[in-house]
Amino acid sequence: VVNQFAALGEDFFSRVEPAPLTNPKLVDVSPEASELLGINTEEHGESLVQMLNGEELPQSFDIFAMLYAGHQFGSWVPQLGDGRAMTLAQIENPAGELWELQLKGSGPTPYSRGSDGRAVLRSTIREYLCSEAMHALGIPTTRALALIDSDTPVYREEVETGAILLRMAPSHLRFGNFEVFSSRDQPQQVRALADFVLEHHRPELLDNEAPYLQLYRDVIHRTADLMSQWQAVGFSHGVMNTDNMSILGLTMDYGPFGFMEAYNPGFICNHSDQSGRYAFNQQGDIGWWNLAALGNGMLSLLDLDQAKEAIQEYKSIYQEALLTRHLAKLGLVLQREGDGQLIEDWFKILQQQSIDFTKAFRALSHFCLGSDTPEALEQLFTNSGDFRHWIERYRIRLAEETTSDAERQQQMLATNPKYILRNYLAENAIARAKQGDYSEVTKLREILSRPYEEQAENEIYAESAPAWATGISVSCSS
Ligand code: AMP
Ligand code: MG
């Protein structure tokens with residue numbers, strides 16, 4: 001157990017103590033995350049609950065809440081910080097990697113700004129399930145080891161119960177950690193943070209005459225790629241403030257996120273986002289905006305012209321990454337003129353006919369040149385004329401490829417997931433958990449850990465939202 005970040009000193013955080021919940025109950029543990037840490041959670045069940053509840057923590061833990069600032073919905077907020085998250089320690093796993101453990105919901109900190117420092121069961125289940133589901137989809141993300149529920153009342157729109165998530169990442173540093181010190185005109189602290197990231201997370205960049213510029217470019221590349229990955233699975237983060245943007249390019253701080261069902265590029269998952277600043281089709285541009293804010297925050301370390309040049313590359317990196325992912329989703333290996341149009345027209349049909357994004361790509365994955373259009377694919381479309389016209393163009397385009405039907409199918413089924421965390425599935429698991437039955441959380445976690453497999457017994461979890469659930473919107477109150 002170490003804590004390298006704590007060694008940076010108290011300019012960067014405040015030491016805190018977790019405030020335990022009453023009657024903590026284990027909801028679920030992620031075996032994949034446990035394995036990553038090299039711990040046997042079955043053996044340590046009781047001590048795991050105690051650790052999540054912040055009780056009897058090892059002496060070697062040096063617990064703190066981080067200081068950061070951020071741009072929230074475009075407006076500058078000079079001070080934020082972990083208002084309900086606490087870093088416990090870094091644990092070295094058997095592979096020699098360091099994983100930083102954080103509790104979320106473990107009580108107030110100096111950065112709670114008058115709020116209670118708690119997280120309710122509902123939002124904790126959502127973050128837990130989505131972290132592990134994103135990982136299984138192959139998308140960079142913070143991980144989640146386990147969560148507990150309790151009898152502690154927490155007051156939101158109604159009384160709910162307090163929960164705590166144990167999340168983990170190589171580092172939870174955000175763009176906002178840099179922004180807070182640059183806004184206070186503290187370039188030494190900005191430099192210390194950059195040095196920290198370089199030394200502990202990107203040592204390969206130190207071998208360069210301009211390591212800070214390389215670090216900035218690294219974040220630009222990773223963020224562009226992350227945005228393309230979100231677009232490729234229909235994921236909408238919902239609150240892309242700079243304090244929710246990871247310096248390592250991880251998806252983090254799951255709040256009112258949503259997976260799009262019926263394809264709608266303007267999809268807004270967060271009902272507090274009236275202007276649609278963080279709508280699905282804005283995420284690529286917002287990535288750029290946030291990176292510009294980071295560049296500004298790192299400016300004391302960068303040459304202005306070089307920083308501008310670096311961020312100018314973002315748009316082409318993002319567009320290229322997105323095109324590559326879209327081509328892969330269609331099973332196209334070669335790049336041909338007209339592919340962009342083919343992709344665009346496919347999305348146009350999905351949008352006009354409100355077709356489920358995930359189901360459409362999954363059904364298309366079963367298309368074979370050697371046989372008729374699969375019935376399950378054709379049945380998704382209400383205006384079959386437009387669809388048939390498009391599929392004939394697709395057939396002609398596929399004929400130019402050199403891959404066999406079988407190879408393409410295998411590649412597409414490994415690219416287009418069958419199971420995603422649909423909102424109504426999460427809502428179902430949450431409703432049961434509120435009654436004290438946590439089994440659906442476990443079941444969903446298991447299904448979503450194999451998103452590309454058929455799982456015949458779980459077919460119904462691949463369905464779009466039933467009518468009762470299509471109106472669910474998710475708020476920031478969590
Ligand atoms: P978020 O929009 O969830 O990323 O939160 C924005 C800021 O508000 C972060 O600094 C959070 O730590 C803080 N925050 C959110 N909810 C609470 C809460 N219940 N108690 C204390 N701080 C909170
Ligand atoms: Mg946040």
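Just so you know, ligand 1 is whichever comes first in the structure, and atom 1 is the first atom listed for that ligand.
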Worked check of salt bridge (charged side-chain N to carboxylate O under 4.0 Å, His left out) between Arg191 and Asp195: CA-CA 6 Å; Arg191 178 180 293 255; Asp195 287 339; 5.4 Å; no
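For ligand 1, the polar-atom distance check finds no N/O of Asp82 at less than 3.5 Å from any of the ligand's N/O atoms. Residue Asp116 places at least one N or O, backbone or side chain, under 3.5 Å from an N or O of ligand 1. Among the atoms of Leu80, none of the N or O lies under 3.5 angstrom from an N or O of ligand 1. Backbone and side-chain nitrogen or oxygen atoms of Arg84 are examined, and one is located within less than 3.5 angstrom of a nitrogen or oxygen of ligand 1. Below 3.5 Å of separation, one finds an N or O of Gly83 facing an N or O of ligand 1.
Contact atoms of ligand 1 toward Asn244: 4 (O) (distance under 4.0 Å to a heavy atom of the residue). Near Gln72, the atoms of ligand 1 lying under 4.0 angstrom from a non-hydrogen atom of the residue are 6 (C). Which parts of ligand 1 touch Arg113 is read off a 4.0 Å heavy-atom cut-off, strictly below it: atoms 7 (C), 8 (O). Of all the atoms in ligand 1, the ones that sit under 4.0 Å from a non-hydrogen atom of Asp253 are 4 (O). Taking every non-hydrogen atom of Arg156 and a distance limit under 4.0 Å, the qualifying atoms of ligand 1 come out as 19 (N). Heavy-atom contacts of Gly117 reach the following atoms of ligand 1: 18 (C), 19 (N), 20 (N), 21 (C) (cutoff under 4.0 Å).
Taking the ring centroids of Tyr452 and Tyr419, they lie at or beyond the 6.0 Å cut-off. Between Tyr278 and Phe73, the gap from one ring centroid to the other is short of 6.0 Å. Centroid-to-centroid, the aromatic rings of Phe267 and Phe280 stay 6.0 Å apart or farther.
Between the side chains of Asn270 and Arg277, not a single donor N or O lies within less than 3.5 Å of an accepting N or O. Side-chain N/O atoms of Asp116 and Tyr155 include no donor and acceptor closer than 3.5 Å. In summary, the side chains of Ser30 and Glu132 do present a donor paired with an acceptor at a separation below 3.5 Å, with no hydrogens or angles considered.
Not a single donor-acceptor pair under 3.5 Å links the side chain of Arg432 to the backbone N or O of Glu440. Distance alone, capped at 3.5 Å, is enough to place a donor-acceptor pair between the Asn416 side chain and the Lys329 backbone. In this structure a side-chain-to-backbone donor-acceptor pair under 3.5 Å is present from Ser150 to Thr152.
When heavy-atom distances to ligand 1 are checked against a 4.0 Å cut-off, Arg118 comes that close only through its backbone atoms N, CA, C and O. Contacts between Tyr254 and ligand 1, counted as non-hydrogen atom pairs separated by less than 4.0 Å, are absent for every part of the residue.
The shortest separation from a heavy atom of Gln79 to ligand 1 is not under 4.0 Å, leaving the residue out of contact.
Inspection of the environment of the Mg ion (ligand 2) yields the following protein N, O or S atoms under 2.8 Å: Asn244 OD1, Asp253 OD2.
Between Asp243 and Arg174, no side-chain nitrogen of the basic residue sits less than 4.0 Å from a carboxylate oxygen of the acidic one, so the salt-bridge criterion is not met.
Here His71 pairs with Trp76, Glu179, Thr242, Trp289, Ala293 under the side chain to side chain contact (heavy atoms under 4.5 Å, CB included) rule; sequence neighbours left out.
A cation-pi arrangement is found for Arg126 relative to Phe257, the charged atom lying closer than 6.0 Å to the ring centre and inside a 45° cone about the ring normal.
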